[in-house]
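Take a look at the structure set out below.
In what follows, chains are A, B, ... by sequence order, proteins preceding strands, each numbered from 1. Just so it is clear, the values below take in all heavy atoms, side chains as well, and ignore hydrogens, waters and symmetry mates. Being a predicted model, the structure only gives us computed values, none of them experimental.
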There are 2 protein chains.
Amino acid sequence: MPLVADATEKTGQTANGEPLGDLRRLVEPDLKKVNATILERMQSPVALIPQLAGHIIAAGGKRLRPILTLAAARLCGYEGERHIGLAACVEFIHTATLLHDDVVDDSHLRRGLETANAVWGNKASVLVGDFLFSRAFQIMVADGSLKVLKILSDASAEIAEGEVGQLLTANNTATDETAYMDVICAKTAVLFAAAAQVGGVVADEPEERELALRSFGMNLGIAFQLVDDVLDYSAEQAALGKTVGDDFREGKITLPIVLAFAQGDEAEKAFWRRCLEDLEQTDQDITEAIRLMRKYRALDEAMDRARSYADKARQALAPFPDRPEKTALLDLAEFTVARRF
Amino acid sequence: MPLVADATEKTGQTANGEPLGDLRRLVEPDLKKVNATILERMQSPVALIPQLAGHIIAAGGKRLRPILTLAAARLCGYEGERHIGLAACVEFIHTATLLHDDVVDDSHLRRGLETANAVWGNKASVLVGDFLFSRAFQIMVADGSLKVLKILSDASAEIAEGEVGQLLTANNTATDETAYMDVICAKTAVLFAAAAQVGGVVADEPEERELALRSFGMNLGIAFQLVDDVLDYSAEQAALGKTVGDDFREGKITLPIVLAFAQGDEAEKAFWRRCLEDLEQTDQDITEAIRLMRKYRALDEAMDRARSYADKARQALAPFPDRPEKTALLDLAEFTVARRF
């Protein structure tokens, strides 16, 4: 399985230049076990399953969500091994949603590589996603904690609700900030929250601390998604060879658009509707979109919100004693809103 | 939710003229509660979810799998209410796989009605399937039995494996009987098995009886799928206004084809390859396919196998005392292989 061996190597790097370095170094031995568990548990007598799953799992993901589980457990002084399997679960759930997302968005590239649906077709991607999702539940059942099962089945249902919600807000310029926040909480932040909370559950932390970890994950996840949505319009992204304006071209309604649209005059609102509802776009429209976002400080405003959620995430860790994991998680929250690419 | 109210009414009928009558009458009060639970638990603040889920759940399904759970529990003398929620779970898992199947097969009709993907698109069908699947696990978690969770998460993983396996056997005339049986066990019989077994688990039956129920479900499921695959080539089906040869047109390799292909001469093998691998078909080819199946008794042979599995299913119920549920389940196995449409 050379694909996954590659992935294991990649996780040792500072992926995409991000200073996950400290955090990754702290959890490195655990993360190696997580990668081994992922490799072992994605096997199936049906050879296409590990082939396709290996492709996406190896495709350079940062393993951010399982790292949250690992770091949260260690932050709580947990010395056992349960967090390994559960971190793999979290990654399987995430991977299943990515496979289905790429089908739903008809994406052909992810992190610069061909998507699984581009290589093996939509059918296989849908079904292997279903397999990984089921496999995640098998791992949880073997772990045996109904509390963990509740946290992650609740998260899965909310993720699906968020994804359907995103379908409904797409191409709809009437989407307001509340609808946008509902979608990103559900589709992104809830799994960050669950991943961190599970670390506290295996460590048998009192409820207050378990919920503090959940709050850290939730606020971090919101900040992460807000920044992701801003970066889709960032020039630095273009300088790094990434595409600018993918969300715009798809008519995805993110916070910068919500804010710029709300303050726009009638002509500007007509521009947004043509581009995002009718999807009638010229190559120059993305430049005009960014100009309007700057005019109304929509990107700055969205980054301000992101910073405020990152601060909340940091504050959530107040009850925990100073440990290297705490410092690394605080740094992660800070970096999430400092990254420019 | 008028759609689901319709469905509740339909379940009281002898659907498609099938003599599920006795069984359905026996579990009718429970089945009403299952339908109410389905209606309640498919709700979501995201309105498209109950809309789309209601469409497929109401589309005239026979509720065969939840009925197995209900009847198995009652056969064991179970007097509680846990089988209601778990029967709803089983139907949610089944519905999620149907939604994904219709996307994977690009189907536009199911039971004479437009499929959910035809009405709302593939994206929504994939995501609502994910939601129903997650919701099934939430219900199981609330029920609180790790044993049930294991049975149904194992079943879900196997179903996904079976569906991927089916992708791989499609258009492949080298598929042998073992590969075909693996696929139908996993994609169909495993959920029948799990549905029946769960009825025994809630009744706290000794393991031997629980496994007898599982064996009943498994063998019934195999018989059911074998018959389904034969009926795709049956003239009676045509007389009832259903389409003949859907599997053939898709290049799906089912047992009648496996058997006819294996016995065919080179010219006949070339015919099967052209039709099923290259999908180069004329309107007359289905007639020729049926002629070749008759020549080698492939349809009769497949029905013989189905009858043998139905017998095994009936034998599996031997340990159980005579009760109306037992008689009705024995009749169900008999009917499954007697139905001609």
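Here CG of A:Asp130 is found 5.0 Å from NE2 of B:His100. Values are rounded to the nearest 0.5 Å. Separation of atoms OG (B:Ser156) and CZ (A:Phe133) is listed at 9.5 Å; rounding is to 0.5 Å. Residue A:Leu127 holds its CG atom at 11.5 Å from CD of B:Glu161, rounded to the nearest 0.5 Å. Separation of atoms CZ (A:Arg135) and CG (B:Asp154) is listed at 8.5 Å; rounding is to 0.5 Å. To the nearest 0.5 Å, atom CD of residue B:Gln138 and atom CG of residue A:Leu149 are 11.5 Å apart.
The residue among B:Thr97, B:Ile49, B:Val104 with the most heavy atom pairs within less than 4.5 Å of chain A is B:Val104.
In this structure, chain B has heavy atoms under 4.5 Å from both the backbone and the side chain of A:Leu146. The parts of A:Val164 that come within reach of chain B are both its backbone and its side chain, each placing non-hydrogen atoms under 4.5 angstrom from that chain.
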**OP:** Decide yes or no on side chain to side chain contact (heavy atoms under 4.5 Å, CB included) for A:Val103 and B:Asn122, but give the supporting numbers first.
**Re:** CA-CA 9 Å; A:Val103 169; B:Asn122 285 343; over 6 Å; no
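B:Val141 and A:Ser153 make their closest contact through CG2-OG, 3.8 Å (heavy atoms, listed as atom of the first residue, atom of the second, distance).
Relative orientation of the B:Phe137 and A:Phe137 rings is parallel, given thresholds of 30° and 60° on the angle between their planes.
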